[in-house]
Each structure stands twice: as C-alpha cells, then as structure tokens.
Amino acid sequence: MPELIRLTLIFPPALEEAISELLASQPEKPGFTLLHGEGHGSDFSRASQAERVRGRVERCLLWLILEKGKEAHILNLLKTHCDNHDIHWWSEPVIAHGRLG
C-alpha cells in the first residue's frame with residue numbers, strides 16, 4: 001500500500017472557485033474536502049475592513065489525501081494557475097484510513 005499524506009490548503013474564499021476547478025480539471029481528479037472557516041492571527045495586511053473590525057479573516061480549508069510525493073504536482077499547479085500569494089499549505093502523514101461500511 002502506498003504511503004499517504006494529507007495536504008492542507010488554507011486560502012481566501014475568493015480563490016475557492018479557481019482552486020476547485022483546477023483540481024477538478026486534473027486527469028486523476030483528486031478528491032478533496034472543502035470547509036469554510038475563520039483565520040485568527042496577527043497579520044491583517046490583506047484583510048478587508050470588516051475582517052479587521054471583527055479581528056478574524058474568512059478562509060477556506062481544503063484537504064486532499066494523496067500518495068506521498070504527488071503533493072508537488074498540486075502545489076506547482078497552484079503556483080502556475082492561481083493567485084497564490086495568500087495560499088498557505090502543509091502536509092501530514094496519514095497513519096490509517098478506510099471506510100466503515
């Protein structure tokens with residue numbers, strides 16, 4: 001069984017459609033989970049006026065489970081095709097996974 005990782009992407013909601021369409025356009029069509037959330041931190045340089053008042057920024061969180069090493073392809077796609085200055089990412093090992101049914 002190949003070694004798996006979870007790639008996490010955090011980005012502004014304005015990039016949601018572009019990133020979703022980019023991933024869906026790939027031949028392997030990696031499945032992903034997309035959540036909406038709020039980011040808390042000290043850097044509000046790119047925050048809207050409303051976000052600065054609230055003290056948090058709107059963010060999308062996207063998870064992909066991939067074979068280790070395939071994350072480089074996804075990251076290169078994002079660098080090439082998306083406004084990537086505000087996309088944060090990290091990867092983590094997947095220790096176990098499966099379906100209950």
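Just so you know, these numbers come straight off a predicted model, no measurement behind them.
The structure places CG of Leu66 at 12.5 Å from CD of Glu3, a figure rounded to the nearest 0.5 Å. Rounded to the nearest 0.5 angstrom, Arg6 CZ and His97 NE2 are separated by 13.0 Å. One finds the CZ atom of Arg59 at 13.0 Å from the CG atom of Leu9 (value rounded to the nearest 0.5 Å). To the nearest 0.5 Å, atoms CD1 (Ile74) and OG (Ser91) are separated by 12.5 Å. To the nearest 0.5 angstrom, His81 atom NE2 is 13.0 Å from Glu21 atom CD. Note that NE2 of His88 is 12.0 Å distant from CZ of Phe11, once rounded to the nearest 0.5 Å.
Counting only distance, with no hydrogens or angles, the side chain of Glu71 and the backbone of Gly69 share a donor-acceptor pair below 3.5 Å. In this structure, the side chain of Ser25 engages the main chain of Leu22 through a donor-acceptor pair within 3.5 Å.
No continuous path of ILVMFWY side-chain contacts below 4.5 Å connects Trp90 to Ile5, so the two sit in separate hydrophobic clusters. Connection of Leu77 to Ile10 is not established within any shared hydrophobic cluster, with ILVMFWY side chains joined at heavy-atom distances below 4.5 Å, either directly or through further cluster members.
Shortest non-hydrogen contact noted between Phe32 and Leu64 is CB-CG, 3.9 Å. Scanning all heavy atoms of the two residues, the minimum distance from Pro13 to Cys60 falls at CA-SG, 3.7 Å. For the pair Pro30 and Leu23, the tightest heavy-atom approach, listed with the atom from each and the gap, is CD-O, 3.6 Å.
Side-chain contact check for Glu67 versus Leu4: some heavy-atom pair is nearer than 4.5 Å. Between Leu35 and Trp63, the closest side-chain pair of non-hydrogen atoms falls below 4.5 Å.
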*Please step through side-chain contact (heavy atoms from CB on, under 4.5 Å) for the pair Ile87 and Ile19, ending with a clear verdict.*
CA-CA 10 Å; Ile87 300 174; Ile19 290 174; 4.0 Å; yes
_Applying side-chain contact (heavy atoms from CB on, under 4.5 Å) to Val94 and Lys68, what does each step give before you reach the verdict?_
CA-CA 10 Å; Val94 173; Lys68 187 175 182 178; over 6 Å; no
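Results of the side chain to side chain contact (heavy atoms under 4.5 Å, CB included) test with Trp89 over Leu78, Leu75, Thr8 single out Leu75 as the only residue that passes.
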